[in-house]
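Note sheet for the following structure.
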2 protein chains.
Amino acid sequence: MELSERKQKILGAVVEQYIKTGEPVGSKALLNALDFSVSSATVRNEMAELVSMGFLEQPHTSAGRIPTNEGYRYYVDHLMVNSTIDESVRRRIEAGIHSAGSDPEKLIEKAGAVLAELTDCAAVSTTPSGEGASIKRIEAVPVGTHTAMIVLLTSTGVLKSKVCRSDTDLSASVIEKFYNVVKTSFIGLPLSSVDTAMMQSLVASLGSDVFTLMPLVTVISDLAQDALRTEIVLGGQSNLLHYSNYYGNSAYELLEFLRRGEPLSKLLSSVSSQDGVEVRIGSENPYRQLMKSSVIVSNYNIDGSKRGSIGIIGPTRIDYAKLIPSVKFLTNLVGEMLTKTFNDE
Amino acid sequence: MELSERKQKILGAVVEQYIKTGEPVGSKALLNALDFSVSSATVRNEMAELVSMGFLEQPHTSAGRIPTNEGYRYYVDHLMVNSTIDESVRRRIEAGIHSAGSDPEKLIEKAGAVLAELTDCAAVSTTPSGEGASIKRIEAVPVGTHTAMIVLLTSTGVLKSKVCRSDTDLSASVIEKFYNVVKTSFIGLPLSSVDTAMMQSLVASLGSDVFTLMPLVTVISDLAQDALRTEIVLGGQSNLLHYSNYYGNSAYELLEFLRRGEPLSKLLSSVSSQDGVEVRIGSENPYRQLMKSSVIVSNYNIDGSKRGSIGIIGPTRIDYAKLIPSVKFLTNLVGEMLTKTFNDE
DNA sequence: GTTAGCACTCTTTAACGGTGAGTGCTAACT
DNA sequence: AGTTAGCACTCACCGTTAAAGAGTGCTAAC
C-alpha cells in the first residue's frame with residue numbers, strides 16, 4: 001500500500017501523539033505537530049482517507065482518530081525512526097546485567113527485571129535453550145545411605161540437580177560403578193541424544209547392575225530433559241496495572257495468560273531467527289488475551305547462534321521508537337555476556 | 001468487651017453475610033439468617049449499638065452495615081466455628097504437595113501455588129530457615145581451567161551452588177588442598193558460624209595458599225550466608241485482581257508491596273512461634289498497603305521446631321471459617337513432608 | 001423490652017439539556 | 001485539482017434533576 005508523503009507524515013504524527021497522550025487526536029491538535037502548514041480541513045480529508053484505508057479509526061463519530069493495528073504496523077515498518085538509546089538507560093541496563101553474576105538463569109531473570117522496570121511493561125524471557133549443548137560433567141553427591149544428589153553440568157554452563165532415592169545401599173562400590181557408566185555413556189553426549197532409545201540400550205548393557213544403578217541413571221535422563229527445556233521467566237507483570245484504564249477488567253485475564261506461560265512459550269519460539277527485533281501488534285498475536293497488547297521481542301545469540309529471546313509486553317500504544325532500541329541493546333548485551341561465560345574456560 | 005448472646009448472633013450473621021455477598025447488610029436481610037425471630041426494628045436497635053461499640057460501621061447513613069476490623073476480630077476470636085476441611089480440598093492439597101518432589105524450596109513454592117489457587121488469594125511463604133542447619137558436604141566441580149562450581153549441601157537438604165573464578169590455574173593439587181581445608185574447617189560446622197571472624201582466622205591459617213584458595217573459600221562463605229537466609233516465595237498475586245472492585249486502584253500498590261518482599265518478610269517473621277494459625281486483620285498489619293487486607297498465616301515445623309511460614313493475603317472480607325483450617329492443614333502437611341525428608345538418611 | 005409505623009437520608013439510575021470537540025460536506029478560492 | 005473557510009451535525013461528557021428503593025432512626029404504642 002502506497003501512501004503519499006503527506007499521508008505518511010500525518011499518520012506518523014497521529015501515532016506519536018496518541019502514544020504520548022492516550023487520547024484520540026483531532027485535526028486541529030495535529031497542526032502543531034506537522035512541519036508543513038495546511039488547514040485543519042485538509043488534514044481532515046487526509047485522515048478520512050486513512051480511515052477508509054484501515055490505518056486509523058474513530059472511537060465514535062465525533063471523536064479524533066486513533067491508530068488501528070495496521071496503522072501501528074505501518075508506523076513501525078516505514079515511519080518510525082529508532083531513537084538512539086539514552087545514556088542513562090544504557091547505564092541502567094549495563095549495571096543491572098553486570099550485577100547478576102554468572103549463572104545464566106539468574107542473568108536472564110535479572111535482564112527481564114531491568115527491562116520491565118525500564119519500560120514499565122511486563123517482561124518475558126526464555127532461558128538459554130539446551131539445544132546443541134552436551135553433558136560436561138556428572139557428579140553423585142551422597143546425602144544419606146539411600147539417597148544421593150545427582151548434579152549435571154552442561155557445556156553451556158547450566159547446572160541442574162536432583163535428589164535421587166534408591167532401595168539399595170549406595171555404597172562406595174555402587175557409586176564407582178555409576179561413575180564408570182557415566183564416563184563411558186554420558187560424558188560428552190549431546191543432551192538431545194539422552195532419549196528413551198538411548199536409555200533402553202543402556203539398560204540392556206548394564207547387566208545385573210541394572211537394579212542398583214537404574215534409579216541413578218534415570219535421574220540423569222530427567223536432568224538432561226530438564227536442561228534441554230527452556231523456561232519462561234516473567235517479570236514486572238504488575239506494571240501492566242498502570243494501564244488499567246486501557247485494559248479495563250481484562251487485566252486479570254492478561255496476567256493469568258502470562259502466568260500460565262505455555263502459550264507464551266510458543267509465541268516466543270516463533271520469533272524468526274533473524275537478527276533484528278520482532279514486533280507483534282495486537283491481533284497479530286494469535287491469542288485473544290493479547291488483542292490489545294503489543295509484543296517487542298528479540299533473540300539473544302550465543303556464539304552467533306540463537307539461544308533464547310527476551311521481550312516486553314505492553315499496550316499497543318507503547319513507545320515503539322524508544323523501546324525497540326532498548327530491547328535490542330539488552331539482548332545484544334545478554335548475548336555477549338553469555339558468550340563470554342561459555343568460552344571462558 | 002462483653003456482648004449479649006443476641007448481639008453475638010447478630011454480629012456473626014452480619015459478618016458471614018457480608019463475607020458471602022460483599023454488600024452492606026441491612027436489618028431485614030438479617031432476619032432470615034437468624035435462628036430466632038424478632039422484628040427488624042429490634043435488629044436495628046442492636047445494630048445501632050454494635051456500631052457505637054465499634055464492631056460495625058455504615059458506608060453512609062442509609063445503607064446496611066459492614067463489619068469493622070474490630071468486628072472481624074471479634075468474629076474470628078469468639079464467634080466463628082472452623083468448618084471442617086472439605087474432602088476434595090484435602091485431596092487437592094495432598095496431590096499438589098506430593099507432586100512437588102523432595103527439593104524443599106520447590107515444595108514450598110508448590111505449596112504456595114496450591115494454596116493460592118484454592119483460596120483465590122495471594123500466597124506468601126518463607127523457605128525453611130537455615131538456622132540450626134550445618135554444612136554436610138562441599139564439592140568443587142571444575143568447569144574450566146580457571147573456574148569451578150562450588151556446591152554446598154546443608155544438613156537440612158538444601159543445595160546451593162555458585163560458580164567461582166580464580167586467577168590461578170585450578171590444578172588437581174589446588175583442588176586437593178581445597179578439600180583438605182573443607183574437611184578440617186567446614187564440614188559439620190553450623191551455617192551460622194561461618195562469619196567474618198571465622199573467615200579471618202581461616203585466612204590466617206592458610207599460609208601461602210591463601211591466594212589460590214581464597215576465591216574458593218570466599219564462595220563457601222557466600223553460599224553459607226545464602227543457605228541461612230530465608231526467601232520469600234509469592235504465588236497467585238493476580239488472584240487479588242478478582243477483588244479489584246474492593247481494592248479499587250490501590251491494587252497496583254498492593255501488588256508492588258508484595259513484590260518488594262522485604263516488609264513481608266518482617267511481617268511473617270513476627271508470627272508468634274505458637275502452634276496455631278495467626279490472623280491479622282486490616283490495620284492490625286503495620287503497613288499502609290495492607291489496610292484493607294487480611295493475612296492468615298501459620299508456621300510449619302520441622303522436627304517440632306518452627307522453620308518457616310505459609311500464609312495467604314486477601315481482602316478483609318475473606319472467608320475465615322473456611323480458609324483458616326486450609327492454611328493449618330497445609331502447613332502441617334508441609335512440616336511433615338519436610339521432616340520426613342530431613343530424617344530420611 | 002419489643003414492635004409497628006413513618007418520616008428521613010442517601011445511593012443509584014435514568015432522563016435531560018447544555019457544552020464543546022471534532023467531524024463531514026459543500027461551496028468558494030487559487 | 002487541490003485547498004480552504006464555513007457550517008450543520010454528531011456524540012461523549014458533565015452537571016442537574018427526578019424518581020425509585022433500600023435502609024435507617026425515632027416515636028409511640030404494645
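First the proteins, then the strands, lettered A, B, ... as listed; each starts at 1.
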Quiz prompt | Closest to side chain of Ala48(B), choosing from dG25(D), dT3(C), dG24(C) | solution =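 Of all the options, the side chain of Ala48(B) is nearest to dG25(D).
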Quiz item: Does OP1 or OP2 of dT4(D) have a side-chain N or O of Ser40(A) closer than 4.0 Å?
Solution: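 Answer no for this pair, as no side-chain N or O of Ser40(A) is under 4.0 Å from OP1 or OP2.
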Quiz item: Is Arg44(B) near enough to dA22(D) that one of its side-chain N or O atoms lies under 4.0 angstrom from OP1 or OP2?
Solution: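 No, because none of the side-chain N or O atoms of Arg44(B) sits under 4.0 Å from OP1 or OP2 of dA22(D).
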Can you confirm whether the side chains of [X] and [Y] place a donor and an acceptor under 3.5 Å from each other?
X	Y	result
Glu256(A)	Ser238(B)	yes
Glu253(A)	Tyr247(A)	no
Tyr252(B)	Ser244(A)	no

Self-check item: 5′-ward residue of the pair Ser62(A)/Thr61(B) relative to DNA chain D
Solution: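 Upstream on the strand: Ser62(A).
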Quiz item: Would a distance-only check, ignoring hydrogens and angles, find a side-chain to backbone donor-acceptor pair under 3.5 Å from Tyr246(B) to Lys292(B)?
Solution: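 Yes, Tyr246(B) side chain to Lys292(B) backbone: donor-acceptor pair under 3.5 Å.
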What's the [atom1]-[atom2] distance between [X] and [N], to the nearest Å?
X	N	atom1	atom2	result
Leu34(A)	dT4(D)	CG	P	12 Å
Glu57(A)	dT23(C)	CD	P	14 Å
Gln58(B)	dC10(C)	CD	P	11 Å
Gln17(B)	dG23(D)	CD	P	11 Å
Leu56(B)	dG25(D)	CG	P	11 Å
Glu46(B)	dG23(D)	CD	P	19 Å
Glu49(B)	dG1(C)	CD	C1'	12 Å
Glu23(B)	dC10(C)	CD	P	20 Å

Practice problem: Assess whether one donor atom and one acceptor atom, taken from the side chain of Ser39(B) and the base of dT3(C), lie less than 3.5 Å apart. | Solution: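 Check fails, no donor-acceptor contact within cut-off.
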Exercise. Could you tell me whether the side chain of Arg65(B) has a donor or acceptor atom within less than 3.5 Å of a complementary atom in the base of dG25(D)?
Key: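 Checked by distance alone, the answer is no.
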Quiz prompt | Complementary nucleotide of dA15(C), counting Watson-Crick and G-U pairs under 3.5 Å | solution =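 For dA15(C), the partner nucleotide comes out as dT16(D), under the 3.5 Å rule.
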Quiz prompt | Any-strand Watson-Crick or G-U partner of dA29(D), both distances under 3.5 Å | solution =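 When the pairing criteria are applied, dT2(C) turns out to be the nucleotide that pairs with dA29(D).
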Practice problem: Between His60(B) and Asn45(A), just flag the one whose closest nucleotide in DNA chain C comes earlier from the 5' side. | Solution: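 Nearest-nucleotide comparison on DNA chain C picks His60(B).
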Practice problem: Let me know which of Ser293(A), Pro67(A), Ser294(A) forms a side chain to side chain contact (heavy atoms under 4.5 Å, CB included) with Thr316(A). | Solution: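 Answer to the side chain to side chain contact (heavy atoms under 4.5 Å, CB included) test with Thr316(A) among Ser293(A), Pro67(A), Ser294(A): Ser294(A).
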